[in-house]
Protein chains: 2
Amino acid sequence: MNYLDTIQQYINNLPQEVHQALKEASTIRRYKKGDLLLQQGEVCQRSFHLLTGIARKYYLNEGKEITTEIYFQNDLALSFESYVLQKPGREYIEALTDIEVSATPFNAFRALRKQFPALMELDVMLSEYYAIWLEQRLFQFYTLSATERYRAILEKSPQLIQHIPLTMLASYLGISLETLSRIRAKI
Amino acid sequence: MNYLDTIQQYINNLPQEVHQALKEASTIRRYKKGDLLLQQGEVCQRSFHLLTGIARKYYLNEGKEITTEIYFQNDLALSFESYVLQKPGREYIEALTDIEVSATPFNAFRALRKQFPALMELDVMLSEYYAIWLEQRLFQFYTLSATERYRAILEKSPQLIQHIPLTMLASYLGISLETLSRIRAKI
DNA sequence: CGCTTTCTTTGACATAAGTCAAATATTTTC
DNA sequence: GAAAATATTTGACTTATGTCAAAGAAAGCG
């Protein structure tokens, strides 16, 4: 069982009243493919729990989009630094298909966290999980070549390759589109 | 004021009894230059608050050391994933000078966290801070060349360059020692 | 203090990956 | 279903960075 499963189990075991309170604090929203849930320069004022569809997070560098995270069903989408510090960020969150999310305002979650210690604990777990995920990504940049990074994704997250254009995948891997195309041709 | 200052201020404002409890749970340890506080394959069972000296965290990849973090006075040293999940990790923590640390066992901190909600909140903040730091490092790998990454360190963390050998700095930057030497010759 | 070890620089060459440009292929839209 | 837009591949060439080897400089040790 990995940490994400542990967290999921922790969520499943939360008392009914906590689930209820969370639900009341959140609103269901629908977005069309291509819609932006968050834009550069905005404060990330809510977390988006992805109920259906696919989304991504990216930022612009020298006019090019760099995709940093792909979200699938049940993932939690937010611009971390902007959300945590409640200050304008540089990231965009975009719907890659029509999506449905449960949006929870930062302030509302803060209040609930105070009220229910179990949610505070959940918050620790989520940040820890994200940090561990980031460590692993960084580890890959340190130790793997472009081809190896692509292979690692093939093995660990094949759904990622099937659902997003290669341009996004290339930027996610930190390589050019052409290089990715050549890697794929060889494998 | 950056987030680290916010955290420091939060710590300073903790009630005296919390400080006292933390102190009682911790032990002061001294290590000689070159000593290992943690080794590959071990579970990181305590966090090390660095009181004096310099230390680093690294791991081995194909026989080479990759330095992933340098610790100075007042930094908190631990192998994150190993500590959080309490499972064997791949990282080493090494004293780069004679050092003095305050070591707090994982279990003791867990217990205190339950007892004092303020410590739970501190724990969230520390994980958040680490995740934001990791995001920034990853951002640099995505957007900066080797030379630019070196320049960024020159500006943001000059003390890092003054105190560690270039071999460590090169691996920290994700480049070879020779490339780093050539970058320095040009600047 | 001189010897040894470690660290850093430099040279010559190899290689991974980037860039620019154009040709295909695929998807979307009307 | 044809036209337009978007996505992918391929070719030719450039560039950043790596590797191996050796020399030079600095630090640590007895």
Worksheet item: Do A/Glu69 and A/Arg137 meet the salt-bridge criterion of a basic N to acidic O distance under 4.0 Å?
Response: no
Worksheet item: B/Ala146 has a side chain; which of D/dT17, C/dT8, D/dG18 sits nearest to it?
Response: D/dT17
Discussion item. Closest approach to the side chain of B/Ile175, judged atom by atom: which nucleotide of C/dA17, D/dA7, D/dG18 is it?
Written reply: D/dG18
Worksheet item: B/Phe141 CZ to D/dA16 C1': how many Å, rounded?
Response: 15 Å
Item to complete: Take atom CD1 of A/Ile183 and atom P of D/dT9, then tell me their distance rounded to the nearest Å.
Response: 12 Å
Discussion item. For C/dG18 and A/Thr179 - does any side-chain N or O of the residue sit under 4.0 Å from the phosphate oxygens OP1/OP2?
Written reply: yes
Discussion item. Under a 4.0 Å threshold between the charged nitrogen and the carboxylate oxygen, would A/Glu94 count as salt-bridged to A/Lys57?
Written reply: no
Practice prompt. Establish, yes or no, whether the cationic atom of B/Arg90 lies under 6.0 Å from the six-membered ring centre of A/Phe139 and within 45° of the ring axis.
Written response: yes
Worksheet item: Does the pair B/Asp98/B/Lys33 count as a salt bridge with the N-to-O cut at 4.0 Å?
Response: no
Discussion item. Expressed as a whole number of angstroms, how long is the span from A/Ile164:CD1 to C/dT26:C1'?
Written reply: 17 Å
Item to complete: Between D/dT19, C/dT10, D/dT9, spot the one nearest the side chain of A/Arg184, thanks.
Response: D/dT9
Worksheet item: Atom CD1 of B/Ile66 to atom C1' of D/dG18: distance rounded to whole Å?
Response: 14 Å
Worksheet item: In whole Å, what is the span from the CG atom of B/Leu169 to the P atom of C/dT6?
Response: 20 Å
Worksheet item: What integer distance in Å separates B/Glu178:CD from C/dC13:C1'?
Response: 13 Å
Worksheet item: Would you call the rings of B/Tyr31 and B/Phe48 parallel, tilted or perpendicular, where under 30° means parallel and over 60° means perpendicular?
Response: perpendicular
Discussion item. Can you tell me which nucleotide in C/dT19, C/dA17, D/dT17 comes closest to the side chain of B/Ser145?
Written reply: D/dT17
Fill in: Residue mapping more 5' on DNA chain C - nearest nucleotide basis, B/Thr167 or A/Thr147
B/Thr167
Worksheet, complete the sentence: Between CE of B/Met168 and P of C/dT8 the distance, given in whole Å, is 9 Å
Discussion item. Using whole Å, what does the distance between atom P of nucleotide D/dA7 and atom CG of A/Leu166 come to?
Written reply: 10 Å
Discussion item. Does B/Leu177 reach a base, just sugar-phosphate, or nothing at all? Heavy atoms under 4.0 Å.
Written reply: base
Discussion item. From the set D/dA7, D/dT10, C/dT10, return the single nucleotide nearest to any side-chain atom of A/Pro165.
Written reply: D/dA7
